[in-house]
Enquirer: 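Please see the structure below; I have some questions.
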Amino acid sequence: MAVADRISLLEAVREKVEAGERLDFEDAVALLESDDLLAVGELADVARRRRGGGDEAFFVQNLYLNQTNVCRVKCKFCAFAVTQKQANAYTYTPEQLVEDALAQRELTGFTEVHMVGGESPHVTFDYYVEIVRQLREAMPDVHLKCFTASEIHHMTTLSGLSHEDVLATLRDAGLGSLPGGGAEVFAERVRRLVAPGKESAEIWLETHRTAHGLGIPTHCTLLYGHVETYEERVDHLLRLRALQDETGGFLAFIPLAFHPENTIFERRGWTHTVGSDDLKMIAVSRLLLDNVPHVKAYWIMMGMPLAQIALHFGANDVQGTVVREEIFHAAGARTETEQKIDELVRFLRAAGRVPVQRDTLYNELRRW
Ligand code: V47
């Protein structure tokens with residue numbers, strides 16, 4: 001495409017953003033194809049501010065737990081999952097998870113437990129309900145953000161219950177929200193290549209629709225930087241936007257950059273995404289998902305220095321203190337696995353933003 005055409009495409013997008021008009025498929029592909037990274041970032045920041053965003057940059061004080069790394073699904077992008085027979089396989093009991101969380105609570109005052117794990121065929125649905133029930137009982141004031149839509153689907157096959165019954169049972173036991181994992185890329189072509197054993201895009205979306213209908217807010221993600229095309233990224237974002245139009249139940253979107261180490265793709269020569277692609281994904285997500293309130297620059301994935309810049313490319317959240325992260329670190333993440341609040345605050349301030357500690361539902365807890 002000629003340079004002049006590219007400039008006029010960006011200008012057309014700018015006019016739409018300034019008029020508060022919705023962007024379409026072609027606009028988003030053109031933004032991803034643009035080499036004018038700073039212009040794309042600035043447009044995303046304009047769109048964020050036009051929709052009421054300010055100088056705040058949010059984070060939550062949270063604790064990551066993984067109940068098991070045993071998984072029946074052999075996703076080719078995953079370096080975390082193992083089989084039951086592998087030496088490093090673990091499946092914690094509800095009691096062990098509670099003991100661990102209570103010990104961590106002595107050290108930090110986290111307000112959220114973020115828990116995901118493998119789809120182990122060696123547990124029952126009661127195992128999941130017991131985890132939630134016991135965590136709720138031990139820490140009634142902590143928000144439990146647990147289990148991806150893929151894990152919820154796994155629970156329906158373990159129990160024979162419907163998605164609605166599984167979600168309602170977990171909610172009644174104390175579940176507060178769902179994290180956004182498992183979405184990967186919705187396009188059937190990509191799913192067949194990278195996650196052939198996983199449930200379909202329709203099931204992932206239906207699980208979130210059902211959660212929203214039950215009053216359970218959720219998060220959403222896109223795993224980019226492997227075999228997908230720009231068009232497939234945009235299709236994914238548009239499907240999320242359509243569901244959000246219907247339910248309004250997504251709290252935040254988190255673009256997840258593929259980490260190849262210790263995966264089949266590393267052996268095929270795949271490398272880490274580059275910073276310009278990470279920033280573009282943040283910006284295009286912010287521009288296209290005009291109805292999702294928050295976009296997270298996940299520091300575990302991109303590192304704090306790039307996350308600082310992402311806050312000027314449409315992101316308004318950096319996730320949280322985390323404490324312990326296994327999924328990205330199994331696949332080669334070089335970031336820390338924990339940030340202390342003081343350190344997060346320093347980074348956010350240095351990025352020219354006002355650090356705000358939030359709870360999971362984006363209620364403000366403290367501002368610096
Ligand atoms: O579902 C797995 C992805 C997800 C790799 O909801 C990988 O607030 C990159 O969903 N390289 C789990 N990505 C993490 C997740 C998440 C993270 C932060 C915040 C929230 C939220 C959710 O990570 C998985 C999968 O899509 N993943 N392996 C990898 N090698």
Side-chain angles (χ1 to χ4, degrees), residues 58-60 62-66 69 71 73-82 112-119 143-154 176-186 190-191 194-195 198-199 201 204 207-208 211 216-228 236 240 249-266 270-273 277-278 281 292-302 307 315 317-335 337 358-362:
F58 295 98
F59 68 91
V60 65
N62 54 3
L63 171 70
Y64 273 31
L65 293 176
N66 301 112
N69 60 353
C71 192
V73 196
K74 305 271 174 288
C75 296
K76 292 186 179 168
F77 55 78
C78 183
F80 165 77
V82 298
E112 169 188 290
V113 165
H114 169 123
M115 177 163 52
V116 296
E119 295 183 26
H143 181 105
L144 303 178
K145 174 190 179 195
C146 306
F147 314 132
T148 64
S150 308
E151 292 176 274
I152 300 295
H153 182 61
H154 177 55
S177 64
L178 296 187
E184 324 314 356
V185 179
F186 291 145
V190 178
R191 271 186 125 65
V194 305
K198 200 154 218 163
E199 75 286 350
W204 190 96
T207 304
H208 281 260
I216 304 170
T218 72
H219 303 76
C220 51
T221 58
L222 159 70
L223 174 62
Y224 67 95
H226 42 96
V227 303
E228 85 291 355
H236 183 100
L240 291 174
F250 288 127
L251 290 168
F253 172 73
I254 312 102
L256 299 172
F258 175 52
H259 282 47
E261 280 181 37
N262 306 314
T263 73
I264 290 166
F265 289 110
E266 183 186 31
W270 257 254
T271 53
H272 282 264
T273 57
D277 200 21
D278 297 332
M281 264 321 296
V292 176
H294 308 283
V295 171
K296 293 187 193 178
Y298 188 30
W299 67 262
I300 285 279
M301 160 198 106
M302 54 176 28
D317 190 304
V318 292
Q319 175 70 343
T321 46
V322 175
V323 178
R324 212 186 274 148
E325 199 284 334
E326 293 188 21
I327 296 175
F328 280 74
H329 286 83
R334 301 271 181 274
T335 47
T337 55
R358 60 168 175 86
D359 66 10
T360 310
L361 305 177
Y362 285 85

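Residues take their numbers from the sequence shown, with the count starting at 1. Whatever order the structure lists them in is the order used to number ligands and atoms, beginning at 1.
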Enquirer: May I ask you to identify the nearest protein heavy atom to atom 29 (C) of ligand 1, giving residue, atom name and distance to one decimal place in Å?
Expert: F77 O, 3.5 Å

Enquirer: Considering non-hydrogen atoms of the protein only, which is the closest contact for atom 1 (O) of ligand 1, and what is the distance?
Expert: G182 N, 2.8 Å

Enquirer: Test your reading of the model: is there a side-chain donor-acceptor pair from E326 to the backbone of F80, 3.5 Å cut-off?
Expert: no

Enquirer: Can you tell me the protein heavy atom closest to atom 7 (C) of ligand 1 and the distance?
Expert: L223 CD1, 3.8 Å

Enquirer: Let me confirm one number: the NE2-CD1 distance from H259 to I327, rounded to the nearest 0.5 Å.
Expert: 12.0 Å

Enquirer: Which atoms form the tightest heavy-atom contact between T360 and E112, and what is the distance?
Expert: OG1-OE1, 2.8 Å

Enquirer: Would you kindly specify which portion of F328 sits under 4.0 Å from ligand 1, judged on non-hydrogen atoms: side chain, backbone, both or neither?
Expert: side chain

Enquirer: Would you tell me which option among E184, K76, H219, H114 has the nearest heavy-atom contact to atom 20 (C) of ligand 1?
Expert: H114

Enquirer: Would you say C78 has any N or O atom under 3.5 Å from an N or O of ligand 1, going by distance alone?
Expert: no

Enquirer: Identify, for atom 10 (O) of ligand 1, the protein heavy atom at the shortest distance, and state residue, atom and that distance.
Expert: G181 CA, 3.0 Å

Enquirer: Note the single closest protein heavy atom to atom 4 (C) of ligand 1, along with its residue, its atom name and the distance in Å.
Expert: L256 CD1, 3.7 Å

Enquirer: Indicate the atoms forming the closest heavy-atom contact of L240 with T221, along with that distance.
Expert: CD1-O, 4.2 Å

Enquirer: I'd like to know if E261 pairs up with R334 as an ion pair, taking the criterion as any Lys NZ or Arg NE/NH1/NH2 lying under 4.0 Å from an Asp or Glu carboxylate oxygen.
Expert: yes

Enquirer: Should K145 be counted as touching ligand 1, given the test is an N or O pair under 3.5 Å?
Expert: yes

Enquirer: At under 4.0 Å between heavy atoms, is it the side chain or the backbone of A257 that contacts ligand 1, or both, or neither?
Expert: backbone

Enquirer: If we only consider heavy atoms of Y64, is any one of them less than 4.0 Å away from an atom in ligand 1?
Expert: yes

Enquirer: Starting from atom 17 (C) of ligand 1, locate the nearest protein heavy atom and write down its residue, its atom name and how far away it is, to 0.1 Å.
Expert: Y298 CE2, 3.6 Å

Enquirer: Heavy atoms only: give me the nearest F77-T263 pair and the separation to one decimal.
Expert: O-CG2, 3.3 Å

Enquirer: Could you tell me the residue and atom name of the protein heavy atom closest to atom 19 (C) of ligand 1, and the distance to it rounded to 0.1 Å?
Expert: Q319 NE2, 3.5 Å

Enquirer: Quick check: H259 and ligand 1, any N/O pair under 3.5 Å apart?
Expert: yes

Enquirer: Where the closest heavy atom to atom 12 (C) of ligand 1 is concerned, which of I327, V116, V185 has it?
Expert: I327

Enquirer: Is it the case that the side chain of N62 and the backbone of V113 share a donor-acceptor pair, with hydrogens and angles ignored and the cut-off at 3.5 Å?
Expert: no

Enquirer: With backbone taken as N, CA, C and O and side chain as the heavy atoms from C-beta onward, which portion of P179 lies under 4.0 Å from ligand 1: side chain, backbone, both, or neither?
Expert: both

Enquirer: So is M301 in contact with ligand 1, going by heavy-atom distances below 4.0 Å?
Expert: no

Enquirer: Against heavy atoms of A331, which atoms of ligand 1 measure under 4.0 Å?
Expert: 30 (N)

Enquirer: Are any of the side-chain heavy atoms of F59 and W299 separated by less than 4.5 Å?
Expert: no

Enquirer: Which residue supplies the protein heavy atom nearest to atom 6 (O) of ligand 1, what is that atom called, and how far is it?
Expert: G180 N, 2.8 Å

Enquirer: Is the shortest distance from a heavy atom of E261 to ligand 1 less than 4.0 Å?
Expert: no

Enquirer: What's the shortest heavy-atom distance between P179 and H208, and which atoms?
Expert: O-CE1, 4.0 Å

Enquirer: Once the angle between the rings of F58 and Y362 is folded into 0 to 90°, is it parallel (under 30°), tilted (30 to 60°) or perpendicular (over 60°)?
Expert: perpendicular

Enquirer: For I254, take its heavy atoms, then give the atoms of ligand 1 lying under 4.0 Å from any of them.
Expert: 6 (O), 8 (O), 20 (C), 21 (C)

Enquirer: Once the angle between the rings of F250 and W204 is folded into 0 to 90°, is it parallel (under 30°), tilted (30 to 60°) or perpendicular (over 60°)?
Expert: parallel

Enquirer: Run the side chain to side chain donor-acceptor pair (under 3.5 Å) test on H219 and S177 for me, step by step, so that the C-alpha distance in whole Å, both residues' side-chain angles and the decisive distance to 0.1 Å come before the verdict.
Expert: CA-CA 8 Å; H219 303 76; S177 64; 4.5 Å; no

